[in-house]
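Okay, handing you the structure first.
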2 protein chains.
Amino acid sequence: MATGRTHRPATRSRGIPEATVARLPLYLRALTALSERSVPTVSSEELATAAGVNSAKLRKDFSYLGSYGTRGVGYDVEYLVYQISRELGLTQDWPVVIVGIGNLGAALANYGGFASRGFRVAALIDADPAMAGKPVAGLPVRHTDELEEIVTENGVSIGVIATPAGAAQQVCDRLVAAGITSILNFAPTVLSVPDGVDVRKVDLSIELQILAFHEQRKAGDETAAVRRTGTAGRPAAAAREGRKGPDGDVPAVMPA
Amino acid sequence: MATGRTHRPATRSRGIPEATVARLPLYLRALTALSERSVPTVSSEELATAAGVNSAKLRKDFSYLGSYGTRGVGYDVEYLVYQISRELGLTQDWPVVIVGIGNLGAALANYGGFASRGFRVAALIDADPAMAGKPVAGLPVRHTDELEEIVTENGVSIGVIATPAGAAQQVCDRLVAAGITSILNFAPTVLSVPDGVDVRKVDLSIELQILAFHEQRKAGDETAAVRRTGTAGRPAAAAREGRKGPDGDVPAVMPA
DNA sequence: CCATCTTTGTGCACGCGTTCACAAAGACAT
DNA sequence: ATGTCTTTGTGAACGCGTGCACAAAGATGG
């Protein structure tokens, strides 16, 4: 039982670099927008700008998929949308279960971008018996006891964990035992999973802390370079010391 | 006006590599847990396991901060907690505003890990007049009109955008104009910001699509290596073609 | 059919991040 | 004091990702 590696094995899957895979959804989104505006073709330059990346990088990324462009013209939007969708496996429907229907779980359940992007919420699962049967986003919440049954019957291979940190590993183990091989983890915990199971982690607190680091740095540079925006680099609130409350097991984004 | 670069400039801040900065919160969390269990010291090996990383990487990461360990013994937990907190700028209090109080915004507002980690929700802001004044997580929702005033008066430098995609850029512009220099963006859009402003992006849909890619790959390998877990690699639901609904402007994780 | 112009696809070089492997440093026992 | 044992801190090698810069490919007009 390998210890949870939060990211993919460094191994590139089928020759497509992991970094490229991570950008494909970005391109797909930009392309979908163009498609809706009935734009027939785009150049790598335009598309790159729309996706917020470098055009050389975009071209290199696409080159891993094949030669889908026409020199002197650009890329056919519809065709590219199809190719990327296929590459990402979005031409099929992925049933997903969400475990932990607190504030965040409910928010995820209501997420409109699910169905339209190839994902379907198969079930919402919560440990609280009081929640059972209660409709959230049009689906009745099921109790944790039924987890294995739900996963098996619906052929679910992707699970979303939105439980408090304390419950995450246990839920993860049950999901994996039930046959799930991909997990999106919102709980602030390092999950341990067997080989062959992918885990991706989303952590609000970590993102904020990274921002704080850079923010602090900017404030420290105060004396040096003057910021372009006159108001930036504000002194912020007074520093205090005794921080560090008791929150070891705080849920990701959960009921207080 | 530079186009939004979702990640830090490749420049390492004050000699600390960006990749290391991104892991510091992970270490901090593991250390906090140890601290609460009154563990006095840890070896790089133990801590690395707890944080889900390689021990060599952890040691190298710490080496950028200084020599805080004792050879033959390990690291002093409390001391390290303090050093990392300081490095991340968490010894001071960061006021944060959340814009867009839909499902996700409310979930974020209720997030317990805020206050205890050096962050304080200064205000909740929404464009819907009907929301104004309504208490969410103990704070009255303020109207967008007051945005600039709120940011200025509270000296807020970090903003969280949880609005629908269509409103994100506009909100971003106003936040930046009001003096905010760090943004955590939950809307599925590429934000354009001037130099000196940091943007980090959290995107559920992208994470799921990356998982789908690997999941599809596993299913494709079916014939090849047999999965360790007997149940994995299930055939999943039948493929279908006509996917691709109209959702160009779909909110990040918002009211349907 | 040829010249020109646009845009792709990619070879190459560079830099960052990861990992190995080991010397230096200190604790602890004798 | 000296030797042994543990664990840190880091030099060095390697591999991945990025970006430049250009040749190849095709469209388009004359």
Side-chain angles (χ1 to χ4, degrees), chain A residues 2-3 5-24 26-27 31 34 39-77 79-80 83-84 210, chain B residues 2-3 5-24 26-27 31 34 39-77 79-80 83-84 210:
Chain A
T3 298
R5 43 181 160 66
T6 301
H7 273 293
R8 244 58 344 66
T11 320
R12 37 178 73 181
S13 320
R14 227 286 289 311
I16 300 182
E18 191 55 32
T20 295
V21 172
R23 279 187 297 267
L24 290 182
L26 229 53
Y27 302 142
L31 285 165
L34 291 173
V39 177
T41 60
V42 270
S43 68
S44 62
E45 200 66 52
E46 293 169 308
L47 186 55
T49 302
V53 304
N54 180 300
S55 72
K57 195 187 294 187
L58 178 143
R59 287 197 300 276
K60 179 144 291 191
D61 282 343
F62 285 176
S63 78
Y64 292 115
L65 309 184
S67 280
Y68 296 146
T70 306
R71 299 179 189 225
V73 177
Y75 299 91
D76 182 281
V77 173
Y79 187 54
L80 205 47
Q83 289 298 343
I84 295 181
I210 295 172
Chain B
T3 298
R5 43 181 162 65
T6 301
H7 273 292
R8 243 60 343 67
T11 320
R12 38 178 71 183
S13 322
R14 227 289 287 313
I16 301 183
E18 191 54 33
T20 295
V21 172
R23 278 188 295 268
L24 289 182
L26 229 53
Y27 302 143
L31 284 165
L34 291 172
V39 177
T41 61
V42 269
S43 67
S44 62
E45 199 67 53
E46 292 169 309
L47 186 54
T49 303
V53 303
N54 179 302
S55 73
K57 194 186 295 185
L58 178 142
R59 286 198 300 276
K60 178 141 289 192
D61 282 342
F62 285 175
S63 78
Y64 292 114
L65 308 184
S67 279
Y68 296 146
T70 305
R71 299 179 190 225
V73 176
Y75 299 91
D76 182 282
V77 173
Y79 187 56
L80 205 47
Q83 289 298 344
I84 295 181
I210 295 173

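In this text the structure is predicted, and so the values were computed from the model without any measurement. Just so you know, these numbers use all the heavy atoms, side chains as well, and skip hydrogens, waters and symmetry mates. Chain identifiers are assigned alphabetically (A, B, ...) following the order of the sequence lines, protein sequences preceding nucleic acid strands; residue numbering begins at 1 within each chain.
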Atom-to-atom span, OH of A:Tyr79 to P of C:dT8 - whole angstrom: 16 Å
Residue A:Lys57, side-chain atoms from C-beta onward, closest of D:dG17, D:dT18, C:dA21: D:dT18
Straight-line distance of B:Glu18 CD to A:Ile210 CD1, nearest 0.5 Å: 7.0 Å
Any donor-acceptor N/O pair under 3.5 Å between C:dT7 base and A:Arg71 side chain: no
Whichever of B:Tyr75 and A:Asn54 has its nearest DNA chain D nucleotide further upstream toward 5': B:Tyr75
N/O donor-acceptor pair, side chain A:Lys60 with base D:dG17, under 3.5 angstrom: no
Gap between atoms CG and P, on A:Leu65 and C:dT8 respectively (whole Å): 15 Å
C:dT7 phosphate, OP1 or OP2, under 4.0 Å from A:Ser44 side-chain N/O: no
Nearest-Å distance for atom pair CD/P, residues B:Glu46 and D:dT8: 9 Å
Verdict with supporting geometry, B:Tyr79 and B:Tyr68, ring pair (Phe, Tyr, Trp, His ring centres under 6.0 Å): CA-CA 8 Å; B:Tyr79 187 56; B:Tyr68 296 146; 5.4 Å; yes
Euclidean distance, atom CG of residue B:Asp76 to atom C1' of C:dG26 [Å, nearest integer]: 16 Å
5′-ward residue of the pair B:Ala19/A:Phe62 relative to DNA chain C: A:Phe62
Point-to-point distance, once rounded to the nearest 0.5 Å, from CD1 of B:Ile84 to OH of B:Tyr27: 8.5 Å
For atom CD of A:Glu45 and atom C1' of D:dC20, their distance in whole Å: 13 Å
Distance below 4.0 Å between A:Tyr68 side-chain N/O and C:dT7 OP1 or OP2: no
Any B:Thr70 side-chain N or O less than 4.0 Å from OP1/OP2 of C:dG26: no
Nucleotide C:dT18, atom C1' - distance to CD of A:Glu18 in whole Å: 16 Å
For atom CG of B:Asp61 and atom C1' of C:dG17, their distance in whole Å: 10 Å
Below 4.0 Å: OP1/OP2 of D:dT18 and any side-chain N or O of A:Arg23: yes
OH-CD distance between A:Tyr75 and A:Glu46, expressed to the nearest 0.5 angstrom: 12.0 Å
Nucleotide D:dC22, atom P - distance to CZ of A:Arg59 in whole Å: 14 Å
From CG (B:Leu47) to CG (B:Leu26), nearest 0.5 Å: 9.5 Å
